[in-house]
Amino acid sequence: MLDSILQAVFSGLALGSIYALVAVGFNITFNTTKTLNFGQGEFLVAGAFVAVSVLLLLAGKNITDSLVPADVSLWRYVLSLLGTMAVLALLGLLLYYAAVRPFVGRGGMAWVMSTIGFGIIIQNTALAIWGPAPLVMPSPLGSEVLRIGNAGVLPQEVLVLVCSVAVLLALDYVMRHTRIGKAVRAVAQSGSAATLMGINVTAIVVLAFVISSSLAGLAGLLIAPITTASVFMGMSLALKAFSSAILGGLTSPRGCMLGGFVLGLIEALVGLWQAEMREISIFLLIIVVLVVRPQGLLGQKIVEKV
């Protein structure tokens, strides 16, 4: 039983790190523009399929072919990571100028439908190119299970956890200790005050969407070898990532990170007991948090101006 719990903890931490990456993306765009990309799940899908396509091209194959383990070496995986981040950064740029900027400051919820619509366009484009069948993406570290005592851990789960934590820590450092990070935080506090201080608010907002989209793409690249790349994988992952942000605090980057890991652990441990209760337990917890502490565990209470 102890070995099963240990295995569930490792799996939960790996899954939670994916939730944390996407949740931090929600946090960055919300803090800078008070909007959210409700098509974020489809950006995760785009990341997975762009990564698969880059690997196929590097192996000399067509983007609609299938990958085999021999096609995925570590250096190709790194190149696919760079390609994925670049493509998703461009998608984030396009999202902001096409689906968010026209509606910022106008009031209403038009940006909600525009971001959802943008996500639907991405999903259907992927469906037209790759079809509905999931694509297998082998791990660059192989599929041989690592043993920690009697508990088994997939090498890709270790890679997911290490890469995600490294990115999250680096992003946390940048946001707290660099000029660009302080500029992002200044815009989050007050765009007008940031403008008076000489900060290019538009550039910071664009950067926020680029980072948010890139994080979603990275999450898709990392999770694809575990779940396979599917055009329908994004909704569930994005919904749980958003739940992580609500749990930890949508206004707090560290809260979003904490919420991701907590939700991942809960999902894995409850699934060990009864798989059907995983989603029920997660969303019951979110309802309780919204009632007891609406701002989340580490979030700040938003005071509405009268």
- Query: Looking only at atom types and distance, does a side-chain atom of T33 sit under 3.5 Å from a main-chain N or O of F30, one as donor and one as acceptor?
  - Reply: no
- Message: Counting C-beta onward and ignoring hydrogens, is there a side-chain heavy-atom pair between M85 and L218 closer than 4.5 Å?
- Response: yes
- What heavy-atom pair brings R76 and A70 nearest, and what distance separates the two atoms? NH1-O, 3.9 Å
- Would you tell me whether Q300 and S252 have side-chain atoms, one donor and one acceptor, within less than 3.5 Å of each other? no
- Message: Could you measure the distance from the CG atom of L21 to the OG atom of S214? Nearest 0.5 Å is fine.
- Response: 11.5 Å
- Message: For V22 versus A219, what's the shortest heavy-atom pair and its separation?
- Response: CG2-CB, 3.8 Å
- Query: Less than 4.5 Å apart, any side-chain heavy atom of F261 and any of L168?
  - Reply: yes
- Query: What's the spacing between S11 OG and L154 CG if we round to 0.5 Å?
  - Reply: 7.0 Å
- Query: Looking only at heavy atoms, what is the nearest atom pair of V24 and P253, with distance?
  - Reply: CG2-O, 4.0 Å
- Message: Testing the basics here: between L215 and G25, what is the closest heavy-atom pair and its distance to 0.1 Å?
- Response: CD1-N, 4.0 Å
- Query: M109, Y96: one ILVMFWY side-chain cluster at the under-4.5 Å cut-off?
  - Reply: yes
Please tabulate, one pair per line, all N/O donor-acceptor pairs under 3.5 Å involving side-chain atoms of residues 44-58, not counting sequence neighbours.
unit_1: S53; atom_1: OG; unit_2: F49; atom_2: O; d: 2.8

- Message: Hydrophobic clusters here meaning ILVMFWY residues chained together by side-chain heavy-atom distances under 4.5 Å, can you tell me if I287 and I266 are in one?
- Response: no
- Give the C-alpha distance, both sets of side-chain angles, the deciding distance and a yes or no for side chain to side chain contact (heavy atoms under 4.5 Å, CB included) between I28 and M175. CA-CA 10 Å; I28 292 173; M175 288 299 176; 4.3 Å; yes
- Between the side chain of Q40 and the main-chain N/O of A238, is any donor-acceptor distance below 3.5 Å? no
- Task: Would you kindly confirm whether I5 and L13 end up in one hydrophobic cluster when ILVMFWY residues are joined by side chain heavy atoms under 4.5 Å apart?
- Result: yes
- Task: Walk me through it: do T228 and L135 pass the test side chain to side chain contact (heavy atoms under 4.5 Å, CB included)?
- Result: CA-CA 6 Å; T228 70; L135 296 180; over 6 Å; no
- Would a hydrophobic clustering, with Ile, Leu, Val, Met, Phe, Trp and Tyr connected at side-chain separations under 4.5 Å, put I286 with M235? no
- Message: Rounded to the nearest 0.5 Å, what separates atom CG in L298 from atom CG in L250?
- Response: 12.5 Å
- Query: Do you know which two heavy atoms are closest between A224 and M137, and how far apart they sit?
  - Reply: CB-SD, 3.6 Å
- Look only at the side chain of N124 and the backbone of L127, and say whether a donor-acceptor pair between them is shorter than 3.5 Å. no
- Message: Has S213 got a side-chain atom pairing as donor or acceptor with V210's backbone, closer than 3.5 angstrom?
- Response: no
- Message: Heavy-atom count check: over 12 atoms from other residues, nucleotides or ligands less than 6.0 Å from F232 CZ?
- Response: yes
- Validation row: F118, F43 side chains within 4.5 angstrom (heavy atoms): yes
- Are any of the side-chain heavy atoms of L247 and L258 separated by less than 4.5 Å? no
- Any idea which heavy atoms bring A23 and C256 closest together, and the distance? O-SG, 3.7 Å
- Message: If we ignore hydrogens and angles and just use 3.5 Å, is the side chain of Q123 paired with the main-chain N or O of V231 as donor and acceptor?
- Response: yes
- Task: Report yes or no: does S236 contribute a side-chain atom to a donor-acceptor pair with the main-chain N or O of M233 at less than 3.5 Å?
- Result: no
- Task: Answer yes or no: are there more than 12 heavy-atom neighbours, outside Q274 itself, under 6.0 Å from its atom CD?
- Result: yes
- Output for pair (Y97 OH, L93 CG), nearest 0.5 Å, gives 6.0 Å
- Do S192 and S190 have side-chain N/O donor and acceptor atoms under 3.5 Å apart? yes
- Take L94 and F209 through the test side chain to side chain contact (heavy atoms under 4.5 Å, CB included) and record every step on the way to the result. CA-CA 9 Å; L94 182 61; F209 276 88; over 6 Å; no
- Query: So, T251 and Q295: side-chain donor and acceptor under 3.5 Å apart, yes or no?
  - Reply: no
- Derivation and outcome, side chain to side chain contact (heavy atoms under 4.5 Å, CB included), residues M257 and D172: CA-CA 10 Å; M257 296 177 197; D172 184 74; 4.1 Å; yes
- NZ-OG distance between K240 and S244, expressed to the nearest 0.5 angstrom: 9.5 Å
- Message: Could you tell me if the side chain of L269 sits less than 4.5 Å from the side chain of V9, heavy atoms only?
- Response: yes
- Message: Once rounded to the nearest 0.5 Å, what's the spacing between atom OH of Y77 and atom CG of D71?
- Response: 15.0 Å
- Message: Run the ring-ring contact (aromatic ring centres under 6.0 Å, His included) test against F242 and tell me which residues pass, sequence neighbours left out.
- Response: F26
- Student check: side-chain heavy atoms of T195 and I199 closer than 4.5 Å: no
- Find out whether V68 and V136 are in side-chain contact, i.e. whether some heavy atom of one side chain is under 4.5 Å from a heavy atom of the other. no
- Query: Side chains of R176 and R185: does their closest heavy-atom pair fall under 4.5 Å?
  - Reply: yes
- Task: Indicate, with yes or no, if I211 and L91 share a hydrophobic cluster defined by side-chain heavy-atom contacts under 4.5 Å among Ile, Leu, Val, Met, Phe, Trp and Tyr.
- Result: yes
- Message: Quick one: does any side-chain atom of K61 pair with a main-chain N or O of L67 as donor and acceptor, under 3.5 Å?
- Response: no
Would you be so kind as to tabulate the donor-acceptor pairs closer than 3.5 Å made by side chains of residues 139-149, with sequence neighbours excluded?
unit_1: S139; atom_1: OG; unit_2: L141; atom_2: N; d: 3.2
unit_1: S139; atom_1: OG; unit_2: Q156; atom_2: OE1; d: 2.7
unit_1: R147; atom_1: NH1; unit_2: N150; atom_2: O; d: 3.3

- Task: For atom CE of M277, decide whether the heavy atoms of other residues, nucleotides or ligands shown that lie under 6.0 angstrom number more than 12.
- Result: yes
